[in-house]
Amino acid sequence: MRRRDFLLTPALLAPAASGAPEPHFPDRLHQFVWRNWELANIDRMAAVAACPPERLLEIGRAMGLPAKTRLTADQLRRIYITVIRQNWTLLPNEQITELLGWTAEKFRFTLVEDDFLDVKLGAKPACAPLRYAPPTPEARRRAAAIRATVREVFGKEWDVPGEAPFRFIERLSSPAGQQPPMPSNAAWDLRYVYSHFALYGDPLLEPEIDPFPDGYLERLRGVGINGVWMQAVLRTLAPSKQFPEFGEQSQERLANLRRLVARAARHGIKVYLYINEPRSMPEEFFRAHPGIRGATDRGAYAMCTSVPEVRDWLAGSVTHVFREVPELGGVFTITMSENFTNCHSKFKPGSCPRCSQRKNWEVVGELLKTIHSGVREASRTAEVIAWDWGWPEEMARNAIPMLPRDMRYQSVSEWSIPIERGGVKATVGEYSISVVGPGPRATAHWKLARAAGLRTNAKTQFNNTWEISAVPYIPVGYLVARHCANLRRAGVSGVQASWTLGGYPSPNLEIARQFYFGAAPEPEAAVEAVAKRRYGAAASLVAGAWKTFSDAFEQFPYGVAIYTIPTQHGPANLLRATPSGVKGSMILFPQDDYRGWKGRYPAEVVRDQFARMAEMWEPGVAALRKAAAMAPAAGEELAVAETCGVHFRSTANQVAFYLLRDSGGDPARMRALVEDEIRLARRQFAIARRHSVIAYEASNHYYYRPLDLAEKILNCREVLAALPPAR
């Protein structure tokens, strides 16, 4: 399923998971302590539970948890999505808000504006308030059993402190040292990415949480990047005479944006704003502005862009931003199906009396001209990029010729490529690295754009995709090099090389850099050059591993539901001995919804393809182990590769387990799969403990922390006890 389909299908939010505790914990209080041990400070946890901190520390000690550490203010500000996810089925919203130390208003804003967090969390179950009560004798007995289990499984390693969460940000932010010079003969003059660790919701009000510190900008420039992007919500960036509700704290945000733009410029990097406007508003907003109310979706209403007043506001707000921050690099737009914006944006304009009478390309073309005019009123040189994400073919054919000639036109490179994997035919409908672009959709749209006098951009993912985003990059450099070579032949003018995932200054981006300037190298030569520069004497081992991984990754069954299948969570996703009946939600809760995971494939093919990938992956991991012994710098490379292999194997295991569970299959085989999940969780625990970059993605934060992997082992022990004995 594509991202657009999730955002258009509210039925996927139901049913909700139960608010009951997991059966592998003695009760809800013990689950609360375990789940928040690595995510919140004890004083805040105690305030939620209405007890002295020592009472919760006693529960932690009873379960054998490691020594409780105190999170810094910076860590707490960065981990809030993980906190919300871990407590979504456990606490009422009021107690989650209290645990975060937020206001109710900030909590509501975050659920809506933080990259569709409310959609990703799914329906909220009814949860009674949690309050401390002394553990019962049975709870104490079960807590002691948990303590015995973790000591048995992990031994002395359990008490060894790992790398602190977000430690990788310190490394990326430190001075980068000498970086290669940026040649002037660029084949692609625009190469921009998102920060690997930016906060998504309202980052310009928290400048101390810097999305682009100097060391990180140096590293991005070193891999050939000359632009970075961030989200912009116009009603927070510009005051308005038409709509006096807008613009609160806009001057503070713009001052912070000016400082960021000036600092990035010192590194030869420009800042671009993601414009997805005008954002829908709640019904109460339109009581004061009834004449501009447009189509409706999920209880919100569009500010109808067929009304001149709305277009005037939109153009004026864009102009205000560019006058206040004149060195901005430009904007790029999404106009269909990301947020609910224009009346056609969710493909449901019927409730608007104006836009229901107009074609979608008329509405969107007019909107894009409005944004363009707003930029041009203040800047003659800033880029205005129209991205066709979500555009139907008829709309593209009609909208492209309407665009001003000094805009750029951007298309997802690999979208619509036909493939066949595991004997099943599919078509790429989102970002993919396992399928090498460009494809027929982008090629056709670029041709139309060039005929209309527009420059063209490729939207790519050179580091990672939702195929697996639990690693900062997928070590498949040969696929990246092939894609870059193909794009050079396609004649595009620039690349957006990442969405919210994919901004890590990785070997993949360094490989892509080889194609940015001068004559394009052969893909193999580009990969080998980077391996040699990074890993010296171990280069041949690393390059060989990248080739192994590239071959294996082309077996990924693209067409599975990448937004629910547990490739992001791997062995941290809990097993269910009996069906839960809960649908997986977008990214954050795979559940046991394997029928939803499989997408267009039979579940058996999904199982077999992930198992095949995992088998093909292992020789590359073995080669990297040898390389890491020769070149310590390859240690992170090994952690990334091992994580991919573990997640692929775990996904295969989970699908296999549920196929057996629902068909009354062989209990011995089911037990073997559960035991393998224990092995994988144990292996991944060690990796996640040593490498804080693992399982992190900027718009979802940590998919799991080490204790979540330890919990999976408790869960698997519970599942083993519930299974019938082997025949």
Side-chain angles (χ1 to χ4, degrees), residues 178-180 219-220 222-225 432-437 460-465 467-468 471-489 495 497-498 502 504-556 612-648 687 691 693-694:
Q178 185 67 34
Q179 297 293 304
R219 286 172 170 81
L220 288 180
V223 292
I225 297 301
S432 175
I433 290 179
S434 71
V435 181
V436 176
T460 63
Q461 291 289 137
F462 289 154
N463 264 338
N464 56 8
T465 70
E467 290 160 313
I468 177 168
V471 289
Y473 60 95
I474 308 166
V476 290
Y478 283 87
L479 301 183
V480 173
R482 280 168 46 197
H483 196 165
C484 288
N486 292 347
L487 288 174
R488 283 293 300 267
R489 287 190 288 271
V495 291
S498 86
Y504 195 79
S506 69
N508 286 13
L509 287 189
E510 193 171 340
I511 289 167
R513 185 188 192 278
Q514 313 301 302
F515 295 87
Y516 294 164
F517 310 102
E522 289 298 317
E524 293 79 7
V527 173
E528 290 166 4
V530 171
K532 185 174 182 180
R533 184 158 53 247
R534 279 183 169 250
Y535 304 117
S540 61
L541 285 168
V542 174
W546 289 343
K547 181 64 167 66
T548 296
F549 300 147
S550 297
D551 292 343
F553 201 51
E554 288 193 284
Q555 297 301 317
F556 188 98
R612 184 179 184 185
M613 269 199 301
E615 289 295 331
M616 294 176 67
W617 204 267
E618 275 302 316
V621 172
L624 281 184
R625 288 198 185 101
K626 294 179 182 177
M630 298 170 59
E636 183 175 275
E637 191 81 31
L638 174 59
V640 165
E642 282 192 287
T643 297
C644 291
V646 165
H647 281 225
F648 298 153
I687 296 169
H691 299 275
V693 76
I694 294 299

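The figures that follow rest on heavy atoms only: side chains count, while hydrogens, waters and symmetry mates do not. If you're wondering where the values come from, they're calculated on a predicted model, not measured in any experiment.
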**Q.** Point-to-point distance, once rounded to the nearest 0.5 Å, from OH of Y516 to CG of L509
**A.** 6.0 Å
Q: Apply the side chain to side chain contact (heavy atoms under 4.5 Å, CB included) test between L479 and each candidate in S550, C484, S432; give the one that qualifies.
A: S550
**Q.** Shortest non-hydrogen contact from Y478 toward V527
**A.** CE1-CG1, 3.5 Å
Q) Where do A512 and V480 come nearest, in terms of heavy atoms and distance? A) CB-CG1, 4.3 Å
Q) If you look at every heavy atom in H691 and G635, which pair is closest and at what distance? A) CE1-O, 4.1 Å
Q) With distance as the sole test, does R513 use its side chain to make a donor-acceptor pair with the main-chain N or O of G222 at under 3.5 Å? A) yes
Q) So with a 6.0 Å cut-off around CD of E522, is the heavy-atom count from everything else above 12? A) no
**Q.** Any donor-acceptor N/O pair, N463 side chain to S498 backbone, under 3.5 Å
**A.** no
Q: Under the side chain to side chain contact (heavy atoms under 4.5 Å, CB included) rule, what do R534 and V542 come out as? Steps first, then yes or no, please.
A: CA-CA 10 Å; R534 279 183 169 250; V542 174; over 6 Å; no
**Q.** Shortest non-hydrogen separation from A628 to L638 and the atoms involved
**A.** CB-CD2, 4.3 Å
Q: Report yes if the side chains of E510 and R533 come closer than 4.5 Å at any heavy-atom pair, otherwise no.
A: yes
**Q.** Working for side chain to side chain contact (heavy atoms under 4.5 Å, CB included), residues I468 and F648
**A.** CA-CA 9 Å; I468 177 168; F648 298 153; 4.2 Å; yes
(Q) Using every non-hydrogen atom in the two residues, find where I694 and A639 come nearest and quote the distance to one decimal. (A) CD1-O, 4.1 Å
Q: Report the relative orientation of the aromatic rings in W617 and F553; use parallel for angles under 30°, tilted for 30 to 60°, perpendicular for over 60°.
A: perpendicular
Q) To the nearest 0.5 Å, how far apart are CG in N508 and CD1 in I474? A) 8.0 Å
Q: Could you grab the distance from atom CD of Q514 to atom CZ of R488, nearest 0.5 Å is fine?
A: 11.5 Å
Q.
Working to the nearest 0.5 angstrom, can you tell me the gap between I511 CD1 and R482 CZ?
A. 13.0 Å
(Q) Can a donor-acceptor pair be found, under 3.5 Å and without considering hydrogens, that links the side chain of N464 to the backbone of G502? (A) yes
Q | Side-chain touch P507/P475, heavy atoms, less than 4.5 angstrom | A | no
Q) Does R612 reach the main-chain N or O of Q555 with its side chain, forming a donor-acceptor pair under 3.5 Å? A) no
(Q) Evaluate N486 against R489 for side chain to side chain contact (heavy atoms under 4.5 Å, CB included), listing each step before the verdict. (A) CA-CA 5 Å; N486 292 347; R489 287 190 288 271; 2.4 Å; yes
Q) After noting the C-alpha distance and the side-chain angles of L541 and L624, does the key distance pass the side chain to side chain contact (heavy atoms under 4.5 Å, CB included) rule? A) CA-CA 7 Å; L541 285 168; L624 281 184; over 6 Å; no
**Q.** A481 versus F515, closest heavy-atom pair with distance
**A.** O-CZ, 3.5 Å
Q | Spacing of F549 atom CZ and E618 atom CD [to the nearest 0.5 Å] | A | 8.5 Å
**Q.** Any pair counted as side-chain hydrogen bond (donor to acceptor under 3.5 Å, both in side chains), so long as it reaches residues 627-647, sequence neighbours left out
**A.** Y473-E637, Y504-E636, Y535-E637, W546-E637, R625-E642, E642-R683, T643-Q684, H647-Y704
